[in-house]
**Q** 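Quick one: this structure, given as structure tokens, is what I'll be asking you about.
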Amino acid sequence: MYKISGLRNIWIFVLSLAVAGSLFGASSKNKTDDKSSDRLKSDYIFMEALRHHERDSDDAYFDLISRAHELDPSNSELAFYRGYYGFMISNEDSIAFNEGYNLMKSHFNQNPSEFYNNFVYGSINDRIGQKEEALRVWGTLDSVYPTKTEVALKLAEALAASRDSANIAKSIGVYDRIEKSQGKNIPISSRKIRAYIATRDTASIFDEVAALLKASPRSIEYNVFAGDIYSMFSSNDSALYYYDRACEIDSTSGLACYARANFYKTIGDSIGYDREVFRALTRESLDLNTKLELMTSYIRALYENPAQQPRIQELFASLLDQHPHEVDIHELYCSYLMAIQDYSQAAEQLGYAIDIDPSQEERWGTLMTLYIQDNNYEKSAETAEKALHYFPDNSTFYHILGVDYVQLKEYDKALTAFDTAISKLDPADFEERSQITTAIGDLYYSKNEVDSAFAFYDKAIEIDPDNLLALNNCAYYLAVEGRDLDRAETMSARTIREKPDDATSLDTYAWVMFKKKNYVEAQAYIEKAIANSEELSEELCHHAGDIYFMNGDPKKALEYWEQALEYAPDNELLKRKVKHKTYFYE
């Protein structure tokens, strides 16, 4: 005999007997005990699943809930959880979808009075368009919980969604029941009106509007709602009556002015719309989001009309007076000013937005670009330097800073900025690396270090053979220098194929043709460049003059030289060409 001592050994001995009994076919354990044991295991696993669910361990939760359901398939609540989660992650797996749906349905059939899970099941049926099943669920829950408004609303919506005239009539009855407990209100009236629209019962729609107004005749919201309904049915006189009444009840109401403004816009009354927009936007009672929505709509409709610019700016002044520290207003004003190409004022507004909230990288980049558009490279550089205090690893900001320094002829600072930009880049970002290398090429050309410039252009193209800027700049400066014109033509032709309407690329190709003495072709491309230019420049006009002269049209040449001289009045070569009305090489 083995000697068994201590509690631990006694426990081992008991376990060994239990195992032996099972191995040698002991029949004292009945099936009921097995089921009870599985239920206990299932309960434990279910609790563990919930713990993982709280930790957002979704995979573990699903595995555990599935195991718990496997152990105790009779537990309909477990079945619901298993079914719901399987349904939600089924995506396009129809088998998993149907399995999950049927488990939830089974739970409802077994426990029709259980509220929370069955509410979820009913909502899922609404979502997937199972109208009959949704109606069954909501009807059942409503009979069990007649005082729960959320259920009654779901039932009424399901009845109305069936498009059956008898069910729609029942939905009105449910809405009436809700109104008895809540009183008249716009959300319920809106739902009733939708039901009446489905049955084309126009008389009942206007009766519902009248009943709502009777409940609170001096409610601004109810009068505006009445105006909206009459406007929807093109009863414009009645609509305007209720909008006017809302404004009379409270002349400071932004909502009333806003509604009336939209009404005038709908009927095409631009004078009335303009007047009411101004009234609405000057009302402090109108919430900011609605003001921004109205202002955005107003700008889109009228910004292209120069006569409206003073009006729009007056509205912005009013808004900023009311909300001086709202970033969204400054940004919207900036967007408008950009649209009308007032880059200086746009930069000022965006600067205010950044002062209020400097945390948005994109705003800083836009502000730098606005200063560049305004040819204010000093302010752009200043902005870039400030931005880099907040975002020291932003390679684009260093790139822009380098461009600014090139324009300011601070070449050493520019080169440092470009080198830093490259060091901050993702090694896989070949496109940006090529663009910065192109900018370094431009820098060296500005310094009149031509060989270094072409070396960097070549490097940029090697890094990214699709860099059209590098191809264009290299081609242009090769033409200017009169070097390797065949290669210049090949590169420039590539940019033309990719961007056939780009004025800069067309001008480059025209100049390459000029240098190759293909004057007729040069004229065809310079004319395309001029036609595709938003605005002319000294360079474009100067090229055009030279090309027309070589094509035997000195009169046209003189016109373009004179235009070029207006852009660059200190250009001595242009002065000689205009004075002598002839072409000079130097």
Side-chain angles (χ1 to χ4, degrees), residues 31 34-145 148 150-168 170-171 174 191 194-195 198:
K31 292 179 181 179
D34 288 340
K35 288 181 180 179
S36 177
S37 175
D38 284 346
R39 280 197 294 271
L40 287 172
K41 289 177 185 176
S42 175
D43 289 343
Y44 172 78
I45 292 170
F46 176 60
M47 296 303 294
E48 187 68 9
L50 292 180
R51 187 172 67 82
H52 280 280
H53 187 58
E54 289 174 0
R55 294 179 176 180
D56 293 327
S57 302
D58 292 339
D59 291 341
Y61 169 76
F62 183 62
D63 291 341
L64 289 166
I65 208 75
S66 298
R67 178 59 180 152
H69 171 61
E70 221 176 273
L71 289 166
D72 188 7
S74 64
N75 186 330
S76 72
E77 186 174 13
L78 260 178
F80 175 86
Y81 288 126
R82 165 63 179 79
Y84 173 73
Y85 197 80
F87 174 88
M88 295 303 290
I89 65 172
S90 63
N91 293 323
E92 296 182 7
D93 185 342
S94 60
I95 294 173
F97 179 95
N98 290 327
E99 180 190 18
Y101 180 81
N102 288 330
L103 285 171
M104 290 185 286
K105 183 176 184 177
S106 176
H107 172 74
F108 172 72
N109 290 336
Q110 293 179 54
N111 301 277
S113 62
E114 195 270 328
F115 179 74
Y116 294 104
N117 290 336
N118 289 335
F119 192 94
V120 171
Y121 175 59
S123 299
I124 285 172
N125 280 290
D126 286 336
R127 197 182 82 192
I128 65 175
Q130 292 287 350
K131 294 180 181 179
E132 289 187 11
E133 182 67 1
L135 195 53
R136 184 172 79 96
V137 174
W138 300 126
T140 302
L141 286 179
D142 185 63
S143 67
V144 178
Y145 303 100
K148 286 189 177 290
E150 63 269 37
V151 174
L153 283 170
K154 288 285 191 180
L155 174 59
E157 288 170 3
L159 286 164
S162 71
R163 299 192 179 279
D164 176 81
S165 57
N167 281 343
I168 291 173
K170 289 179 184 177
S171 75
V174 177
R191 287 178 167 87
R194 281 202 297 270

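The figures here come from the full heavy-atom set of this structure, side chains too, leaving out hydrogens, waters and symmetry mates.
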**Q** Evaluate the side-chain proximity of Phe80 to Val120: yes if any heavy-atom separation is below 4.5 Å, no if none is.
**A**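 In contact.
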
**Q** Could I get the full list of side chain to side chain contact (heavy atoms under 4.5 Å, CB included) partners for Tyr44, not counting sequence neighbours?
**A**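 Testing Tyr44 for side chain to side chain contact (heavy atoms under 4.5 Å, CB included), a comparison that skips the adjacent residues, returns Glu48.
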
**Q** Scan for salt bridge (Lys or Arg N to Asp or Glu O under 4.0 Å) pairs involving residues 70-79, sequence neighbours excluded, and state none if there are none.
**A**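 Listed once each, the pairs are Arg67-Glu70.
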
**Q** Applying salt bridge (Lys or Arg N to Asp or Glu O under 4.0 Å), can you list everything that pairs with Glu114, at least two apart in sequence or on another chain?
**A**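 Not a single residue meets the salt bridge (Lys or Arg N to Asp or Glu O under 4.0 Å) criterion with Glu114.
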
**Q** Show your reasoning for whether side chain to side chain contact (heavy atoms under 4.5 Å, CB included) applies to Val151 and Val144.
**A** CA-CA 10 Å; Val151 174; Val144 178; over 6 Å; no

**Q** Under the rule for side-chain hydrogen bond (donor to acceptor under 3.5 Å, both in side chains), what residues qualify as partners of Asn117, not counting sequence neighbours?
**A**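 Expected list: none.
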
**Q** Give a yes or no on whether the backbone of Ile95 and the side-chain of Asp93 come within a donor-acceptor separation of less than 3.5 Å.
**A**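 Yes: the side chain of Asp93 pairs with the backbone of Ile95.
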
**Q** Would you say that Tyr121 contacts His107 through its side chain, given a criterion of any heavy-atom pair below 4.5 Å between the two side chains?
**A**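 The answer is no, as the side chains (C-beta and beyond) never meet within the 4.5 Å cut-off.
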
**Q** Taking salt bridge (Lys or Arg N to Asp or Glu O under 4.0 Å) as the test, write out the residues that go with Arg163, two or more places apart.
**A**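 Checked Arg163 against salt bridge (Lys or Arg N to Asp or Glu O under 4.0 Å); zero matches.
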
**Q** Would you mind reporting whether Leu71 and Leu78 have side-chain heavy atoms less than 4.5 Å apart?
**A**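 The answer is no; the side chains never approach within 4.5 Å.
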
**Q** Let me confirm one number: the CG-CE distance from Leu50 to Met47, rounded to the nearest 0.5 Å.
**A**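 CE of Met47 is found 6.0 Å from CG of Leu50.
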
**Q** Can you sort out the partners of His69 under ring pair (Phe, Tyr, Trp, His ring centres under 6.0 Å), two or more places apart, ordered by chain and number?
**A**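 Once residues adjacent in sequence are excluded, His69 has no partner under the ring pair (Phe, Tyr, Trp, His ring centres under 6.0 Å) criterion.
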
**Q** For a quick test of reading the model, state the closest non-hydrogen atom pair linking Ser76 to Asn111 and the distance between them.
**A**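 In this case the closest contact between Ser76 and Asn111 is OG-ND2, 2.5 Å.
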
**Q** Quick one: list whatever passes salt bridge (Lys or Arg N to Asp or Glu O under 4.0 Å) with Asp142, sequence neighbours left out.
**A**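 By the salt bridge (Lys or Arg N to Asp or Glu O under 4.0 Å) rule, Asp142 matches Arg177.
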
**Q** A side-chain contact here means heavy atoms from C-beta on lying under 4.5 Å apart; do Tyr85 and Ile89 qualify?
**A**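 They are in side-chain contact.
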
**Q** Going by salt bridge (Lys or Arg N to Asp or Glu O under 4.0 Å), name the residues that satisfy it together with Glu99, two or more places apart in sequence or in a different chain.
**A**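 Scan of Glu99 (salt bridge (Lys or Arg N to Asp or Glu O under 4.0 Å), adjacent residues dropped) gives Arg82.
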
**Q** Under 3.5 Å, is there a donor-acceptor pair linking the side chains of Asp56 and Tyr61?
**A**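 Per modelled atom types, Asp56 and Tyr61 side chains form no pair under 3.5 Å.
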
**Q** Can you list everything that forms a side chain to side chain contact (heavy atoms under 4.5 Å, CB included) with Glu150? Sequence neighbours excluded, please.
**A**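 In terms of side chain to side chain contact (heavy atoms under 4.5 Å, CB included), with neighbours along the sequence ignored, Glu150 is linked to Phe115, Phe119, Lys148.
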
**Q** Sequence neighbours left out, what passes side-chain hydrogen bond (donor to acceptor under 3.5 Å, both in side chains) with Ser165? Give chain and number order.
**A**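 Ser165 satisfies side-chain hydrogen bond (donor to acceptor under 3.5 Å, both in side chains) with no other residue.
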
**Q** Determine whether Val137 and Lys154 make a side-chain contact, defined as any pair of heavy atoms from C-beta on separated by less than 4.5 Å.
**A**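 Val137 does not reach Lys154 side chain to side chain.
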
**Q** Shortest non-hydrogen contact from Ser42 to Ala68?
**A**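 Shortest heavy-atom contact: OG-O, 2.8 Å.
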
**Q** For Ser171 and Ala195, work out which heavy atoms get closest and say how close.
**A**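 For Ser171 versus Ala195, the nearest heavy atoms are OG-CB, 4.1 Å.
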
**Q** Hydrogens and angles aside, do Asp126 and Trp138 bring a side-chain donor and acceptor to less than 3.5 Å of each other?
**A**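 Yes, side-chain donor-acceptor contact under 3.5 Å.
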
**Q** Apply side chain to side chain contact (heavy atoms under 4.5 Å, CB included) to Gln130 and Ile124, showing your working.
**A** CA-CA 8 Å; Gln130 292 287 350; Ile124 285 172; over 6 Å; no

**Q** Are any of the side-chain heavy atoms of Leu159 and Ile168 separated by less than 4.5 Å?
**A**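 No, their side chains stay 4.5 Å or more apart.
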
**Q** How far does OG of Ser57 sit from CG of Asp63, to the nearest 0.5 angstrom?
**A**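 If we round to the nearest 0.5 Å, Ser57:OG and Asp63:CG are 11.0 Å apart.
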
**Q** Can you name the residues that form a side-chain hydrogen bond (donor to acceptor under 3.5 Å, both in side chains) with Gln110, not counting sequence neighbours?
**A**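 Applying side-chain hydrogen bond (donor to acceptor under 3.5 Å, both in side chains) to Gln110 gives Ser106.
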
**Q** Output the distance between atom CG (Leu141) and atom CG (Leu155), rounded to the nearest 0.5 Å.
**A**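 One finds 9.5 Å between CG of Leu141 and CG of Leu155.
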
**Q** With sequence neighbours left out, write down each residue that passes side-chain hydrogen bond (donor to acceptor under 3.5 Å, both in side chains) with Asn75, or none if nothing qualifies.
**A**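 Scan of Asn75 (side-chain hydrogen bond (donor to acceptor under 3.5 Å, both in side chains), adjacent residues dropped) gives none.
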
**Q** Determine whether Ile128 and Tyr101 make a side-chain contact, defined as any pair of heavy atoms from C-beta on separated by less than 4.5 Å.
**A**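 Side chain of Ile128 against side chain of Tyr101, heavy atoms only: contact under 4.5 Å found.
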
**Q** Nearest 0.5 angstrom please: Asn118 CG to Thr140 OG1, how far?
**A**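 One gets 8.5 Å once the value is rounded to the nearest 0.5 Å.
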
**Q** Less than 4.0 Å between a side-chain N and a carboxylate O, is that true for Glu54 and Arg51?
**A**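 Salt bridge between Arg51 and Glu54, a charged N being under 4.0 Å from a carboxylate O: no.
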
**Q** Taking C-beta and beyond as the side chain, do Arg136 and Lys105 meet within less than 4.5 Å on heavy atoms?
**A**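 Yes; the side chains approach each other to less than 4.5 Å.
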
